[in-house]
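Written below as structure tokens is the structure these notes are about.
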Amino acid sequence: MEIMETLLGTLNPAQLEAVTATEGYIRVIAGAGSGKTRALSHRFAYLVNEVGILPGNILCVTFTNKASQEMRQRIHALTGDNDTGYINTFHGFCVSILQEDSYAVEYPKSFLVLDNADIDTMLKVIYEERGLGLRDMTFAKARDMIEIQKLFKKPEYYLDMLTLPLEELKQKYQKAETLEDIIFYGYLYQERKCFGLDYNDLIKVTLFIFSRSEEIRLKWQKRLEYIMIDEFQDIDGLQYELMCVLSAYHKNLFVVGDPDQTIYTWRGANIRYLLDFGENFPGCRTIMMMLNYRSTATILRAVNSLIDKNQERIRKSLIPAREEGEKPVCHFASNAEKEAAWIAQEVMRLKEKEGIPLKSITILYRAHYVTRSLEEAFIKEKIPYAIYSGTPFFGRKEIKDALAYLRMIVYRDDLSFLRIANEPKRNLGEQRIRYLQEYAATKGCSLFEALKENQKEELFARTKAVEFISLIEGYAEKYETVPVSDLIGEILSVSGYENDLRIQGSQERLDNLAELKQSIRDYELSCGEEGTLEQYVRHIALFTNMDTPEKEDRLKLMTVHSAKGLEFPVVFLCGMNEGIFPSRKIRSIQAMEEERRLAFVAMTRARDHLYMTEADGRNFDGSDRYPSRFILDAGEENLSFPLPPREGLIQKTKEYVDSMNRHILKDENRILLPEGQRIRHKIFGEGTITGIDQEREAYRIHFDRLDSERNIAFRIALEVL
DNA sequence: ATTTTCGAGATTTTT
DNA sequence: TCTCGAAAAT
């Protein structure tokens, strides 16, 4: 076929091999910038155009929704087919499965994907209800609880979750006495009440359905003739399990990954799945793709020097396909404001003198909080920018509120109630909500019912409770007959929500809402008659602000983590300081190596120009702040310093890094508690150490109050007895 | 007595 | 954006 020949002609032999390797188990180890995604989409096109596979029989797993979108566009261009099959994240794909088959476990067909904020809210409700005295629980503590809650999420509990009627689950929760039972059953009860599933649940429930019904499992196994997975180095246990099940029938599995880009071990990713793939899948062929097409040879020299400092690593280096370019530029500023100002000034220079549009420039950073000084500088210089982040950390409140109104109409669940009952202000403040929660807990009803039963009480006399109830109930009667796009427009204006925003002058939020409405309209068009409210709520569940397409010529700001898999002509890597990048709470060599891989990912995003900036000054505790070791690791000879660093700064930094390294080593020796050691955990109580989990740098512990043998405990939370 | 408003501070990373 | 605390507003 003519088109295919021209396509394949642009690929190198390794890529060509990857594209046309169609049978069995194939693993591609690919360096950064080697054209992984390209090869993947070309392979998809090859399977469709040449082998004659239907797109719907191919599952292509990407890491983010954004990556899915890009992949879909590429493949559409290559195949000319509007049907691009299943191109999705594991989580998104599970949503498709659950949409079709959740009936098998009698789970409500419509569900909400919970994000961390939702989980926080639910945990808080549990704390309040049970008077656990953690009312001042901070976000950090809540995250701690998520860790703990994961610990309970063993398959046997899912029997409870999926098979128990809500009533019984409630009773288990109410009867629960130990803290762990309260949290576990409380969480499940809350989840069930609002039809929520968290990210892990999506996969767990899917696997559970497969284990329950061979028919359903076989249906999906047979449907997916080919499975391809991108970013395989960051796959976690649950995803791996799902992959094994899905590929077990046709046994056509194609994975692509780069061990040097493993940056999600804190989320359960395990590099062993990639490294041991050959042994676990007999007959596996391995293809190496080491040529880098993205960056200039000059940038790659610095990058190779950096990643080579990692000890636990398969030695390989990126081979440049491009010519030499400019050396990465390092800038040392005396404080964060000056650093930001310098970046702003340099951005303007690039735009005006070199004609580089703002949208080609991206600022990367380790942690969100460094954006503050950057934003100030860009606002001052009137440089338009957009913050991209994988999670809706900032700026999506109005969308969640709008959806909560929709959910409130359909389900009247507590989670939505808490979100919007007092939004806009209805004089339903803290005290009154707390009263409702207590009432609901004793009566065992929902918060909405509690409000309904109490609306005539004195306490609610000066509130707009009655209006709120009739608003929700009025729409509840007719939501099935009205298109969602009309419904949302109406409720936002009738409730006074939009008006509130208008008074506040939040034009941006109104724009966001307008965009939401438009996206609902688009959705309705694409689904024809079937675009029901429930479906839409599910459709939008996995959306993040990363996925909205870029509009005008704007600078992009994002964390290094969310830049994974992307590339940009110009990259500024800012906040390159000890204590920021690497982050200050790094307490092991493994963690430091992951941090270095993260720096590697950051630097390899750059195509033509790379900048690294830092700011001296003081740390939180008043100690001096030094430039990042990763600047040193990149090799002074590979970098350029327009302003030479302060006299002796480099030497001092080296000394500082050495002393930190000694600390890390000492720490490691110190934490080794012997097997059999009695300890106390702040939540689980007393227990005995039964072993060490090397992978996660944690102790395996048998807790007296828990039955299971194999509980994992975290390093710091232990008190020696 | 309770809610609302306002300003300041936050210091990993997120499907 | 969320959470705090103090002060203003009903």
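Here is the naming used below: chain letters follow the sequence lines, and residue numbers restart at 1 for every chain.
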Under the rule for side-chain contact (heavy atoms from CB on, under 4.5 Å), what residues qualify as partners of [X], not counting sequence neighbours?
X: A:D236; value: A:L238, A:Q239
X: A:E337; value: A:N335, A:S373
X: A:S247; value: A:I227, A:L253

With sequence neighbours excluded, what pairs up with [X] under the ring pair (Phe, Tyr, Trp, His ring centres under 6.0 Å) test?
X: A:Y497; value: none
X: A:F600; value: none
X: A:F90; value: none
X: A:F581; value: A:F630

For residues 456-464 of chain A, tabulate all N or O donor-acceptor pairs below 3.5 Å that involve a side-chain atom, not counting sequence neighbours.
from: A:T463; atom 1: OG1; to: A:F460; atom 2: O; distance (Å): 2.8
from: A:T463; atom 1: OG1; to: A:A465; atom 2: N; distance (Å): 3.3

> What one-letter contact string describes nucleotides 2-7 of chain B from 5' to 3', where B marks a base within less than 4.0 Å of any protein heavy atom, S marks contact via sugar-phosphate atoms alone, and - marks no contact?
Replying inline: SSSS--

> A:T265: what forms a side chain to side chain donor-acceptor pair (under 3.5 Å) with it, not counting sequence neighbours?
Replying inline: A:E594

> For DNA chain B, what dot-bracket results from Watson-Crick or G-U pairs at under 3.5 Å, with [ ] for crossers and | for inter-strand partners?
Replying inline: ||||||||||.....

> With distance as the sole criterion, is a donor-acceptor pair present between the side chains of A:E614 and A:N577 under 3.5 Å?
Replying inline: yes

Would you tabulate the pairs of protein nitrogen or oxygen atoms and nucleotide nitrogen or oxygen atoms of nucleotides 7-10 of chain C closer than 3.5 angstrom?
none

